[in-house]
A.B. asks: 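For reference, the structure I am asking about is given below.
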Protein chains: 2
Amino acid sequence: MAATLRLLRERGIAQLTTREVARCAGVSEASVFYHYRDRAGLLAAAFAAGLAPLQALGEEGLAGDDRRAVLRRFGAALERFLDEVLPVLAAAQADPRLRRELADFLREHRAGPHRGVDALSRYLAAEQAAGRARADLDARVIALSFIGACTTRAMQRHMAAPAGRLPSLERLVDGTDALLRPAPSAQRGS
Amino acid sequence: MAATLRLLRERGIAQLTTREVARCAGVSEASVFYHYRDRAGLLAAAFAAGLAPLQALGEEGLAGDDRRAVLRRFGAALERFLDEVLPVLAAAQADPRLRRELADFLREHRAGPHRGVDALSRYLAAEQAAGRARADLDARVIALSFIGACTTRAMQRHMAAPAGRLPSLERLVDGTDALLRPAPSAQRGS
DNA sequence: GTCTATAGGTTGATAGAC
DNA sequence: GTCTATCAACCTATAGAC
C-alpha cells in the first residue's frame, strides 16, 4: 500500500499498474490480487488510505491568543494536507468509476471543503463574539476565502507552475488578520 | 478534437483510448494517427484546445460602477471557466509526461492562478485609489482569496461532493464587497 | 485523407505448485 | 500466503489499398 501511494503521487495513475506496484513493493503480482481481489480493490484501498488525513484535519490548532499565529498554523497545516491529498483527488478524476467512489467516500465521511470552512468560521465567529474581529463581516465567507487562497497556492505548487508569483502564506495571514481588525472608530466609540 | 475533449471531460483520461475517440468521432482509428501522429500528439492537441480559455480569461468585465456587479460577473465567469478547465488540469496529473507538458504550456503562456490575481488586484487597487475601498488592505491578498473561494466552489462541484454547503457566489460577493467598504470614520474624516 | 486488417506490446487476472 | 507461468483482452501503431 505504501508503494501504491508512492507511485500514485509520484507518477500518476496512468503508470499505476499492478505489475509496477508489485515490483515496487518487492512482491509478486499475484500477491496484489490475493490481497485486493482486483485492480479496483487496490485503488479503493489506496484512496481510503490516501484520503485518511481528511478526517484527521479537524479544528486542532484553531485556538490560541495570537490570531496571526492561529491562522499561520491552520494555513500551513492545510497546505501540507493538500500537498498530500490533491494528487489523490486528481487521480480519481481519471475514471468515472473512481470518481463515483470518491464522491461516495466524501459523502459517507462528510468530508469536503465545507469541513474546513465550518471549523475556521467557528473560530472566526468566536473572535467576533469576543470583540476581537469586526462583527459585520460574514465569517463563513472569510473562512472560505482563506481556505480557497491556501488551496489555490497548493494547486499552483502541485501543477509545477512558475512559483512565487502568488502572495506568500505569511502575507495572506497578515492581510486576512488586517481585514478582521475592528475599525478604529468602533474602538473609540466603545 | 471535439470528441476528444468531450470524452476527456465526461469519462476521464483513463477511457480516452484512440479507439474510443475514433468511434465517438465517427472516423476510423487510423485517421486519428494520421492527423495527430500518436496518442501523445492527440493529447497535446487536446490540452492546447482545452486550455485555450486560459488566455481568453482576461480582465474583461473587470470594470463598471457597481462593484458588487463587477465581482459577481468576474466570479461567475471564473467559475464557468474552471468548470471547463479543471477536468483537463486533473487529467494532466495522470501521467508525468503530460504533467511536464502542462507545466511547460503554463509557463510559455504565462498562465496560472496569478493571472487572475493580477487582474483582479489591479481593479481592487483602482477602487482603493478612488477612495471606494479601504486603502489599508492588501489588494493582492483579497484578490487571491476571492479567486480561491471561487476555485474551491468549482472544485467541490467537480468532485460531485454534496453541494450547497459552501456559501453561494452571491453571498461571497456580498461578503467581499462588505469588507472592502471604507470604515464610517474614514468617510466622516475626509 | 480515409479506410480495413493486422502486428506487437502491455495489462489485468487466473491456475496451480509450494 | 507467496510464488512462477500463462492466458485473454485491450491498446497503440503501422501497412497498404482506395
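Naming convention: chains lettered A, B, ... in sequence-line order (proteins, then strands); numbering from 1 in each chain.
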A.B. asks: Side chains of B:H114 and A:Q156: closer than 4.5 Å at any heavy-atom pair?
C.D. replies: yes
A.B. asks: Below 4.0 angstrom, which residues in residues 6-21 of chain B have at least one non-hydrogen atom near DNA chain C?
C.D. replies: none
A.B. asks: Quick one: does B:V88's side chain get under 4.5 Å of B:L102's, heavy atoms only?
C.D. replies: no
A.B. asks: Rounded to whole angstroms, how far apart are OH on A:Y34 and C1' on D:dG1?
C.D. replies: 5 Å
A.B. asks: How close or far is atom P of C:dG16 from atom CD of A:E29, stated in whole angstroms?
C.D. replies: 18 Å
A.B. asks: Between C1' on C:dG8 and CZ on B:F33, what's the gap in Å once rounded to a whole number?
C.D. replies: 13 Å
A.B. asks: Hey, is B:D118 close enough to B:R115 for a salt bridge, meaning N to O under 4.0 Å?
C.D. replies: no
A.B. asks: Once you round it to whole Å, what is the distance between P of C:dT10 and CZ of A:R23?
C.D. replies: 14 Å
A.B. asks: Does a sphere of radius 6.0 Å around CG in A:D66 hold more than 12 heavy atoms from other residues, nucleotides or ligands, not counting ones at 6.0 Å or beyond?
C.D. replies: yes
A.B. asks: Are the side chain of A:H158 and the backbone N or O of A:A154 linked by a donor-acceptor pair below 3.5 Å?
C.D. replies: no
A.B. asks: Could you check A:R67, A:R132, A:R72 and say which one makes a salt bridge (Lys or Arg N to Asp or Glu O under 4.0 Å) with A:D177?
C.D. replies: A:R67
A.B. asks: Let me spell it out: for each of B:R39 and A:S31, pick the nucleotide of DNA chain D with the closest heavy atom. Which residue's pick is nearer the 5' end?
C.D. replies: A:S31
